[in-house]
Visitor: 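First the structure, which I've put down as structure tokens, then a few questions once you've had a look.
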Amino acid sequence: GVSGSLAVPGSKSVSNRALVLCALAEGSCRVSGLLHSDDTQVMMSALKALGACAFEWVDNGDTLLVSGRGGAFAPAALPVPPCYLGNAGTASRFLTSLCTLLPGAVGEVELTGNARMQERPIGPLVDALRANGCTVTYAG
């Protein structure tokens with residue numbers, strides 16, 4: 001018989017979902033096979049800026065250790081600096097929702113991106129958040 005293993009490249013969508021779930025969890029999560037891309041990097045940067053979790057690469061950079069705060073966001077800087085997301089659509093949608101979990105004392109958080117990102121539709125998500133009592137505004 002034939003045997004072997006195959007490593008498939010990670011997915012930016014799945015990788016960003018894993019990052020969000022780990023950030024919302026309480027305690028440490030180990031993520032292997034995370035896609036190294038601009039989209040996952042902007043997600044990690046934003047989660048860190050929001051104080052959602054801490055990151056540490058272990059196992060010679062093969063595994064990301066995510067220390068989640070169980071949804072208890074604690075930004076290191078107030079006001080939170082604008083989170084630039086480039087053209088990362090998955091990140092923009094998840095982070096728009098996650099920002100509604102921030103304590104009121106944090107104030108406003110600006111999510112922004114490149115010109116193409118600012119053209120992408122996000123209205124249905126904003127409408128759903130507003131219908132559930134969240135305050136979301138568009139800049140510009």
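We're numbering straight along the sequence, starting at 1.
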Visitor: Which atoms form the tightest heavy-atom contact between Gly51 and Arg69, and what is the distance?
Guide: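 Here Gly51 and Arg69 meet closest at O-NH1, 2.9 Å.
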
Visitor: According to a 4.5 Å side-chain heavy-atom criterion applied to Ile, Leu, Val, Met, Phe, Trp and Tyr, with indirect links allowed, do Leu65 and Leu47 form part of one hydrophobic cluster?
Guide: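 Leu65 does not cluster with Leu47.
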
Visitor: Minimum heavy-atom separation for Thr96 to Thr100, with atom names?
Guide: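 Minimum heavy-atom separation between Thr96 and Thr100: O-CG2, 3.7 Å.
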
Visitor: Are Leu125 and Ser97 side-chain neighbours, meaning at least one heavy-atom pair lies under 4.5 Å?
Guide: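 A side-chain contact under 4.5 Å exists here.
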
Visitor: Testing the basics here: between Arg116 and Asn87, what is the closest heavy-atom pair and its distance to 0.1 Å?
Guide: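 Taking Arg116 first and Asn87 second, the nearest heavy atoms are CG-OD1, 3.6 Å.
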
Visitor: I'd like to know whether Val20 forms a side-chain contact (heavy atoms from CB on, under 4.5 Å) with Met43, so could you lay out the CA-CA distance, the side-chain angles of the two residues, the decisive distance to 0.1 Å, and finally the verdict.
Guide: CA-CA 8 Å; Val20 168; Met43 176 66 89; 3.7 Å; yes

Visitor: Would one find more than 12 heavy atoms of other residues, nucleotides or ligands at under 6.0 Å from atom CG of Asn114?
Guide: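 Above 12, so yes.
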
Visitor: Can you tell me how far OH of Tyr84 sits from CD of Glu110, rounded to the nearest 0.5 angstrom?
Guide: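 Nearest 0.5 Å value for the CD-OH distance: 12.0 Å.
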
Visitor: How far apart are the closest heavy atoms of Leu19 and Phe55, and which atoms are they?
Guide: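 The pair with the smallest heavy-atom distance is CD2-CE2, 3.9 Å.
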
Visitor: Starting from the C-alpha separation in whole Å, work towards a yes-or-no answer on side-chain contact (heavy atoms from CB on, under 4.5 Å) for Arg130 and Thr135.
Guide: CA-CA 6 Å; Arg130 287 176 175 165; Thr135 301; over 6 Å; no

Visitor: To the nearest 0.5 Å, tell me how far Leu111 CG sits from Arg93 CZ.
Guide: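 These two atoms lie 12.0 Å from each other.
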
Visitor: When you group the ILVMFWY residues by side-chain heavy-atom contacts below 4.5 Å and let the links chain together, are Tyr138 and Leu129 in the same group?
Guide: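 Same cluster: Leu129 reaches Tyr138 through Ile, Leu, Val, Met, Phe, Trp or Tyr contacts under 4.5 Å.
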
Visitor: Do Leu50 and Leu101 belong to the same hydrophobic cluster, where Ile, Leu, Val, Met, Phe, Trp and Tyr are linked whenever their side-chain heavy atoms lie under 4.5 Å apart, directly or via other members?
Guide: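 Yes, same cluster.
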
Visitor: Would you confirm whether Thr40, through its side chain, and Leu35, through its main-chain N or O, come within 3.5 Å as a donor-acceptor pair?
Guide: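 Present.
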
Visitor: Does atom CD of Gln118 have more than 12 heavy-atom neighbours from other groups under 6.0 Å away?
Guide: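 More than 12 within 6.0 Å, yes.
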
Visitor: side-chain hydrogen bond (donor to acceptor under 3.5 Å, both in side chains) between Ser13 and Arg17: does it pass, once the steps are laid out?
Guide: CA-CA 6 Å; Ser13 179; Arg17 283 171 168 76; 2.2 Å; yes

Visitor: Please tell me whether Phe73 and Leu78 are part of a single hydrophobic cluster in this structure, the criterion being side-chain heavy atoms less than 4.5 Å apart.
Guide: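 Looking at the clustering, Leu78 is in the same group as Phe73.
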
Visitor: Among Ser67, Ser28, Cys29, Cys53, exactly one meets side-chain contact (heavy atoms from CB on, under 4.5 Å) together with Cys22. Which residue is that?
Guide: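 For Cys22, the side-chain contact (heavy atoms from CB on, under 4.5 Å) check succeeds only for Cys29.
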
Visitor: Yes or no on side-chain contact (heavy atoms from CB on, under 4.5 Å) for Leu85 and Asp39, after CA distance, side-chain angles and deciding distance?
Guide: CA-CA 8 Å; Leu85 306 177; Asp39 285 23; over 6 Å; no

Visitor: Check whether Val31 and Met44 end up in the same hydrophobic cluster, where Ile, Leu, Val, Met, Phe, Trp and Tyr are linked by side-chain heavy atoms less than 4.5 Å apart.
Guide: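 Yes, same cluster.
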
Visitor: Given Arg120 and Ser92, is the side-chain contact (heavy atoms from CB on, under 4.5 Å) satisfied, shown in steps?
Guide: CA-CA 10 Å; Arg120 296 174 77 167; Ser92 72; over 6 Å; no

Visitor: How about Gln41 and Ser45: do any of their side-chain heavy atoms sit closer than 4.5 Å?
Guide: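 With C-beta onward as the side chain, the pair touches.
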
Visitor: Can you name the closest pair of heavy atoms from Val42 and Ala91 and give their distance?
Guide: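 Shortest heavy-atom contact: CG2-CB, 4.4 Å.
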
Visitor: Verify, without hydrogens or angle tests, whether Asp62 (side chain) and Val58 (backbone) share a donor-acceptor contact under 3.5 angstrom.
Guide: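 No.
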
Visitor: Could you walk me through whether Lys12 and Asp38 pass the salt bridge (charged side-chain N to carboxylate O under 4.0 Å, His left out) test, one step at a time?
Guide: CA-CA 9 Å; Lys12 64 184 176 182; Asp38 290 344; over 6 Å; no

